[in-house]
Amino acid sequence: MDPTTERSHGMRIGIIGAGRIGSTLARRFAGNGHEVRLANSRGPDTLAGLVAGMDGPVEASTADDAARFGEVVVVSIPYGRVDELPHTGLRDKVLVDTCNYYPQRDGHDPELDDDSTTSSEKVRAVTGGDVVKAFNAIYWENLRDHGRPPGDPERIAIPVSGDDEEAKAVVASLIQDIGFDAVDAGGLGGGGRKHQPGSDVYTAELDAEELDARLRTA
Ligand SMILES: NC(=O)c1ccc[n+]([C@@H]2O[C@H](COP(=O)([O-])OP(=O)(O)OC[C@H]3O[C@@H](n4cnc5c(N)ncnc54)[C@H](OP(=O)(O)O)[C@@H]3O)[C@@H](O)[C@H]2O)c1
């Protein structure tokens with residue numbers, strides 16, 4: 001992953017999940033020149049008011065349409081509902097997984113409880129997407145409020161993991177576009193474990209240097 005990747009203007013981004021993280025990302029991506037389709041589970045009509053209040057090219061859509069539309073597709077729903085994701089349209093797409101596994105909310109998954117796999121690897125198995133785990137370890141209000149220009153001493157960093165370096169670089173450039181640094185945590189399984197709930201860096205507000213140092217020793 002090249003942290004100096006150029007800004008990635010004008011990408012088509014589908015976002016499935018229009019809650020705190022999904023709607024915040026929609027606003028920020030659309031405000032930075034990307035074209036966004038935003039979906040929830042109840043249908044585009046229920047998002048009309050939300051989308052009308054956003055600047056930039058963002059439209060409400062179905063999850064199927066958001067999946068088809070996106071060069072990059074963000075999945076930002078409760079992990080327990082991942083089986084409901086579109087069964088076509090996500091295969092081989094760069095898929096950004098913001099989801100976290102909370103058994104109290106999502107129900108118990110024995111393979112996650114015994115750590116034999118990770119939630120992002122399960123998202124990959126369900127969708128066939130080229131999964132990059134990102135935006136899962138930042139509290140949504142920080143995503144909304146704490147974007148800063150490159151070099152700003154208050155700029156915070158977001159961990160990114162995945163098995164495809166190109167896909168990670170695309171996601172890193174999107175992260176940079178909206179005011180954060182991206183730090184490579186490693187592969188989807190081993191790297192993802194370093195920034196999932198319970199990890200040292202989960203929801204920590206760190207600059208790139210400190211985040212990198214903590215990920216290396218995790
Ligand atoms: N909140 C945070 O600070 C934070 C930070 C990092 C990561 N996360 C993780 O990111 C994910 C999203 O969190 P959130 O706080 O944004 O959740 P949220 O506010 O509860 O919103 C969840 C969204 O997912 C949609 N959704 C649920 N099932 C769906 C389906 N099958 N198809 C399409 N959309 C569906 C919901 O739509 P309907 O209302 O129409 O069902 C809703 O728009 C979770 O896994 C969470 O653990 C959260």
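Fair warning: this is a prediction, and the values are worked out from it, not measured in the lab. This chain uses plain numbering: 1 for the first residue, then up along the sequence. Both ligands and their constituent atoms are indexed starting at 1 by order of listing.
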If we only count heavy atoms from C-beta on, is the Tyr202 to Asn100 side-chain gap below 4.5 Å?
yes
Check this for me - ligand 1, Ala18, N or O atoms closer than 3.5 angstrom, yes or no?
yes
In ligand 1, the atoms that come under 4.0 Å of a heavy atom of Tyr139 are 3 (O)
Tell me: protein heavy atom nearest atom 17 (O) of ligand 1, and distance?
Arg20 NH2, 4.1 Å
What is the nearest protein non-hydrogen atom to atom 25 (C) of ligand 1, stated with its residue, atom name and distance?
Gly17 CA, 3.8 Å
Distance from atom 36 (C) of ligand 1 to nearest protein heavy atom, with residue and atom
Asn40 CB, 4.4 Å
Report yes if some heavy atom in the side chain of Ile158 is under 4.5 Å from a heavy atom in the side chain of Val183; otherwise report no.
no
Please list the nearest protein heavy atom to atom 3 (O) of ligand 1 with its residue and the distance rounded to 0.1 Å.
Trp140 N, 2.9 Å
When you compare the side chains of His195 and Asp200, does any donor N or O come within less than 3.5 Å of an acceptor on the partner?
no
Heavy-atom side-chain contact between Tyr139 and Ile21 under 4.5 Å:
no
Looking only at side chains, do Glu121 and Thr118 share a donor and an acceptor under 3.5 Å apart?
yes
Got the closest protein heavy atom to atom 10 (O) of ligand 1, with its distance?
Thr98 OG1, 3.0 Å
Say whether Arg105 and ligand 1 are in contact under the criterion: heavy-atom distance to a ligand atom below 4.0 Å.
yes
Closest heavy-atom approach to atom 16 (O) of ligand 1 among Ile21, Ile15, Asp97 is made by Ile21
What atoms in ligand 1 come closer than 4.0 Å to a heavy atom of Pro78?
22 (C), 24 (O), 27 (C), 45 (O)
Among Asp64, Asn142, Val74, Asn100, closest by any non-hydrogen atom to atom 8 (N) of ligand 1
Asn100
Note the single closest protein heavy atom to atom 27 (C) of ligand 1, along with its residue, its atom name and the distance in Å.
Arg81 NH1, 3.5 Å
Who gets closest to atom 38 (P) of ligand 1 by heavy atom: Ser41, Gly19, Ser119?
Ser41
Looking at OG of Ser119 and NZ of Lys133, how far apart are the two atoms once the value is rounded to the nearest 0.5 Å?
3.5 Å
With a 4.0 Å cut-off on heavy atoms, does Phe135 reach ligand 1?
yes
Tell me, do Lys93 and Asp130 make a side-chain contact under 4.5 Å, heavy atoms counted?
no
One residue to check: Ile138. Relative to ligand 1, which of side chain, backbone, both or neither has a non-hydrogen atom less than 4.0 Å away?
backbone
The option among Ile77, Leu85, Asn136, Thr24 carrying the non-hydrogen atom nearest to atom 44 (C) of ligand 1 is Ile77
Numbered atoms and elements of ligand 1 in range of Cys99, under 4.0 angstrom, heavy atoms
45 (O)
Among side-chain atoms of Asn136 and Thr98, is any donor-acceptor pair under 3.5 angstrom?
no
So that I can tick it off, tell me whether Lys168 and Asp184 are bridged by a salt bridge, with the cut-off set at under 4.0 angstrom between side-chain N and carboxylate O.
yes
With a 4.5 Å limit on heavy-atom distance, are the side chains of Ile175 and Phe135 in contact?
yes
Would you indicate whether the side-chain heavy atoms of Lys194 and Ser161 approach each other to under 4.5 Å?
no
Out of Arg144, Glu141, Arg42, Glu84, the nearest non-hydrogen contact to atom 30 (C) of ligand 1 is supplied by Glu84
